[in-house]
Amino acid sequence: MPSPNNFVLCLSTHNQLKPAKKIAETLVKEKLVACVNLVPQLLSIYNWKSKLCKDKEILLVMKTKKSLAKKLEQRLCELHSYEVPEFIVLPIAACSKAYGLWMKENTLI
């Protein structure tokens, strides 16, 4: 069984659904991620260039191997329209055996 320590969740956001879907589909097709969940209707409040911003965004929750995180970050930045795309990596503490095997089979070696 693959160790859950070999997998991570990566988070990003986008302000438009159509480009977010395109990014998700590209990352899955390229096997940089096993899955991307798109969570719409997120309200992000943040400072950008000394201005308080409040924007509706889509959260991209990406599941991948820890070893692919750097490649994923590089590819996401190539595909993304933001000047500074969010990219946060979180460890997966545990997952089912079947899900871990599925993630392993659906990402690059």
Side-chain angles (χ1 to χ4, degrees):
M1 176 179 137
S3 168
N5 296 332
N6 294 332
F7 301 108
V8 292
L9 287 179
C10 300
L11 306 177
S12 190
T13 55
H14 203 290
N15 62 353
Q16 296 177 27
L17 185 57
K18 189 173 180 177
K21 283 182 183 179
K22 178 72 172 160
I23 289 169
E25 289 171 1
T26 300
L27 297 175
V28 170
K29 286 178 186 175
E30 293 178 1
K31 292 193 166 240
L32 289 172
V33 297
C35 175
V36 180
N37 301 114
L38 298 175
V39 184
Q41 299 302 317
L42 190 71
L43 178 61
S44 295
I45 302 171
Y46 58 96
N47 282 309
W48 180 249
K49 297 184 178 182
S50 302
K51 180 183 171 193
L52 182 64
C53 300
K54 299 175 187 177
D55 294 314
K56 289 183 181 176
E57 293 187 299
I58 295 93
L59 177 65
L60 289 82
V61 181
M62 301 168 278
K63 293 117 181 177
T64 192
K65 292 176 185 161
K66 187 177 183 179
S67 62
L68 291 174
K70 282 286 180 201
K71 286 182 184 178
L72 174 58
E73 179 182 12
Q74 290 170 348
R75 188 64 172 128
L76 178 73
C77 288
E78 291 171 2
L79 297 168
H80 212 293
S81 62
Y82 285 9
E83 185 177 333
V84 181
E86 175 182 359
F87 187 76
I88 297 173
V89 179
L90 303 170
I92 295 177
C95 67
S96 69
K97 179 180 178 180
Y99 196 80
L101 289 170
W102 175 82
M103 281 196 292
K104 181 179 178 186
E105 291 169 2
N106 286 283
T107 50
L108 293 172
I109 295 174

Reported NZ-to-OG1 distance for the pair Lys71 and Thr107, which is rounded to 0.5 angstrom:
11.0 Å
Spacing of SG belonging to Cys10 relative to CG belonging to Leu76, to within rounding of 0.5 Å:
9.0 Å
Between the CH2 atom in Trp102 and the SG atom in Cys95, the distance rounded to the nearest 0.5 Å is 11.0 Å
Non-hydrogen side-chain atoms of Glu73 and Pro85 separated by less than 4.5 Å
no
Walk me through it: do Ile92 and Met103 pass the test side chain to side chain contact (heavy atoms under 4.5 Å, CB included)?
CA-CA 12 Å; Ile92 295 177; Met103 281 196 292; 4.3 Å; yes
Taking the side chain as every heavy atom from C-beta outward, state whether Cys77 and Phe87 have any atom pair closer than 4.5 Å.
no
May I ask you to test the Val36-Met62 pair for a side-chain heavy-atom distance under 4.5 Å?
yes
My understanding is that only residues two or more places apart in sequence, or in another chain, count here; which of them pass side chain to side chain contact (heavy atoms under 4.5 Å, CB included) with Leu11?
Leu59, Val61, Glu86, Ile88, Leu90
Pairwise side-chain contact, Leu60 with Leu27, heavy-atom cut-off 4.5 Å (strictly under):
no
Ile58 to Ala20 - nearest heavy-atom pair and separation
CG2-CB, 4.3 Å
Would a single hydrophobic cluster contain both Leu38 and Tyr82, if residues Ile, Leu, Val, Met, Phe, Trp and Tyr are joined by side-chain heavy-atom contacts under 4.5 Å?
no
Return all side-chain donor-acceptor pairs below 3.5 angstrom for residues 40-53, not counting sequence neighbours, or 'none' if the list is empty.
| unit_1 | atom_1 | unit_2 | atom_2 | d |
| --- | --- | --- | --- | --- |
| Ser44 | OG | Glu57 | OE1 | 2.4 |
| Tyr46 | OH | Asp55 | OD2 | 2.4 |
| Lys49 | NZ | Glu83 | OE1 | 3.2 |

Within residues 21-30 or reaching into it, pairs that qualify as side-chain hydrogen bond (donor to acceptor under 3.5 Å, both in side chains) - sequence neighbours excluded
Glu30-Arg75
Leu72, Val8, Thr64 screened by side-chain contact (heavy atoms from CB on, under 4.5 Å) with Val89, the one that passes
Val8
Can you find a heavy atom in the side chain of Phe7 that is under 4.5 Å from one in the side chain of Lys65?
yes
